[in-house]
Amino acid sequence: MQDNFGRQIEYLRLSVTDRCNLRCRYCMPESGILKKKHETILRNEEYLQIVETMATLGIKKVRITGGEPLVRKGLPSLIQEIKRIEGIKDISLTTNGILLESQVEELKEAGITRMNISVDSLVPESYQQLTRGGNLASVLRGIEKARELGLSPIKINVVLIKGFNDHEVEYFLNYFDPSIEVRFIELMPIGEAAAWNKDRFLNLNEFLLNRLDLTPEPNHGNGGPCRYYRHTETGRWVGIINAISDHFCLSCNRLRVTADGMLKTCLHSTTEVDLKPYLHDPDGLKNSIINAIHSKPEAHQLNQEDVVPILRNMYTIGG
């Protein structure tokens with residue numbers, strides 16, 4: 001399935017919950033999440049119906065996101081069912097890692113072979129401050145257990161924040177086992193944290209390419225938004241995701257479905273399509289997805305001076 005700009009749409013980011021066990025400053029307000037009513041959140045069979053329909057339209061890869069996906073009960077069984085859908089070639093997971101140590105074996109058995117784990121500081125006190133209470137030690141134990149179980153690749157996602165963790169770059173590159181990829185991500189102005197984020201934004205090309213000895217590796221990766229490099233000193237893969245300063249919109253191949261059943265074709269667009277009314281109408285569901293894909297914008301507008309950030313907080317969309 002192609003959109004109107006010739007992009008092959010084959011990647012779905014599926015949010016299975018809007019709930020999270022952290023309160024990261026760049027993601028949600030200090031008061032925490034406004035929980036949606038249980039009946040508004042998609043059930044497993046509804047997720048499967050959506051993924052099955054999208055698979056007939058060319059979706060091949062599914063990434064499970066949240067909120068924090070590991071707080072959703074019965075997640076492994078949902079993963080197993082998605083894995084069985086004809087046309088789905090890859091299923092992965094993004095997590096903050098807090099619950100990973102206790103769940104990673106079951107996740108692997110269900111079909112997860114690779115995962116991204118968000119870690120924005122390797123200083124326990126700084127991690128606790130940014131996440132408003134997170135325990136870094138539990139995350140690091142989960143990462144090590146995932147590595148021991150043979151999940152590959154394991155990717156560490158680091159949102160770089162000016163004046164907070166930008167001095168930890170070399171620490172990240174030297175801390176983890178060399179088999180683990182480290183990816184630095186630009187801070188995005190989203191939701192209620194938009195103003196806080198904007199004041200702490202770093203242009204990662206300017207910041208990292210001038211700071212580190214990196215060799216471009218254009219053939220590494222799976223064609224996603226991350227630009228990969230080899231770090232000369234450690235030999236590890238380093239990824240840079242410049243969603244704001246050097247966006248990848250012209251090659252964007254993804255859709256997002258939120259936990260309350262809204263289809264988003266662009267993370268930074270206010271346009272959403274409610275899929276719930278079509279869950280008992282297979283043709284209507286398929287047509288609504290096709291129409292949304294044909295309406296996918298060419299690019300986000302975040303670099304325009306008068307842009308108004310979307311109101312949805314990131315935890316309600318899916319990372």
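Note that this is a predicted model, so its numbers are computed, not measured.
A donor-acceptor pair under 3.5 Å links the side-chain atoms of Asp120 to the main chain of Val159, judged by distance alone. Side chain of Glu168 to backbone of Ser121: no donor-acceptor contact under 3.5 angstrom is found. Arg236 places a side-chain N or O within 3.5 Å of a backbone atom of Asp177 that can act as its donor or acceptor partner. The closest donor-acceptor contact from the side chain of Arg147 to the backbone of Ser179 lies at 3.5 Å or more, if one exists at all. Under a 3.5 Å cut-off, the side chain of Thr232 and the backbone N or O of Asp213 do form a donor-acceptor pair. Without hydrogens or angle criteria, Lys296 side chain to Arg254 main chain gives a donor-acceptor distance under 3.5 Å. No side-chain donor-acceptor contact under 3.5 Å links Asp166 to the backbone of Lys162. No donor-acceptor pair closer than 3.5 Å links the side chain of Arg63 to the backbone N or O of Tyr11. At least one donor-acceptor pair closer than 3.5 Å links the side chain of Lys264 to the backbone N or O of Ser269. Within the 3.5 Å criterion, the main-chain N or O of Lys145 finds no donor-acceptor partner in the side chain of Glu101.
Contact detail for Leu275 and Ile289: the closest heavy-atom pair is CD2-CG1, 4.2 Å.
A parallel orientation is assigned to the rings of Trp237 and His220, their planes being inclined by less than 30° (bins at 30° and 60°). Using a 30° and 60° split on the angle between ring planes, Tyr171 and Tyr175 fall in the perpendicular class, above 60°.
Defined by atom type and a distance below 3.5 Å, a donor-acceptor pair is missing between the side-chain atoms of Tyr229 and Arg227. No side-chain donor-acceptor contact under 3.5 Å links Arg141 and Asn135. Side-chain polar atoms of Arg183 and Asn157 form a donor-acceptor pair below 3.5 angstrom. A donor-acceptor pair shorter than 3.5 Å cannot be found between the side chains of Thr17 and Glu68.
Heavy-atom contacts from other residues, nucleotides or ligands closer than 6.0 Å to CD of Glu86 number 12 or fewer. Within 6.0 Å of the NE2 atom in His167, the count of heavy atoms belonging to other residues, nucleotides or ligands exceeds 12. The 12-atom threshold is exceeded at OH of Tyr127, counting heavy atoms of other residues, nucleotides or ligands nearer than 6.0 Å. For Glu106, the CD atom is loosely surrounded, since the number of other residues' heavy atoms within 6.0 Å does not exceed 12.
Side chains of Ile50 and Leu42 form a contact here, defined as non-hydrogen atoms less than 4.5 Å apart. Within the 4.5 Å cutoff, the side chain of Arg25 has heavy atoms near those of the Gln129 side chain. The side-chain heavy atoms of Ile64 and Ile91, taken from C-beta on, include a pair separated by under 4.5 Å.
In this structure, Glu105 does not pair ionically with Lys108, as no charged nitrogen and carboxylate oxygen lie closer than 4.0 Å. Salt bridge Arg7/Asp3: present, at least one basic N to carboxylate O contact under 4.0 Å. A salt bridge between Glu46 and Lys276 is absent, with no side-chain N of the basic residue lying under 4.0 Å from a carboxylate O of the acidic one.
In summary, of the residues considered (Lys60, Arg114, Lys83), a side-chain hydrogen bond (donor to acceptor under 3.5 Å, both in side chains) with Asp90 occurs for Arg114 alone. Each of Pro153, Cys226, Ser152 was checked for a side-chain contact (heavy atoms from CB on, under 4.5 Å) with Glu181, and the lone residue meeting it is Pro153. Glu186 pairs in a side-chain contact (heavy atoms from CB on, under 4.5 Å) with only one of the listed residues (Leu160, Leu202, Ile240, Asn203), which is Asn203.
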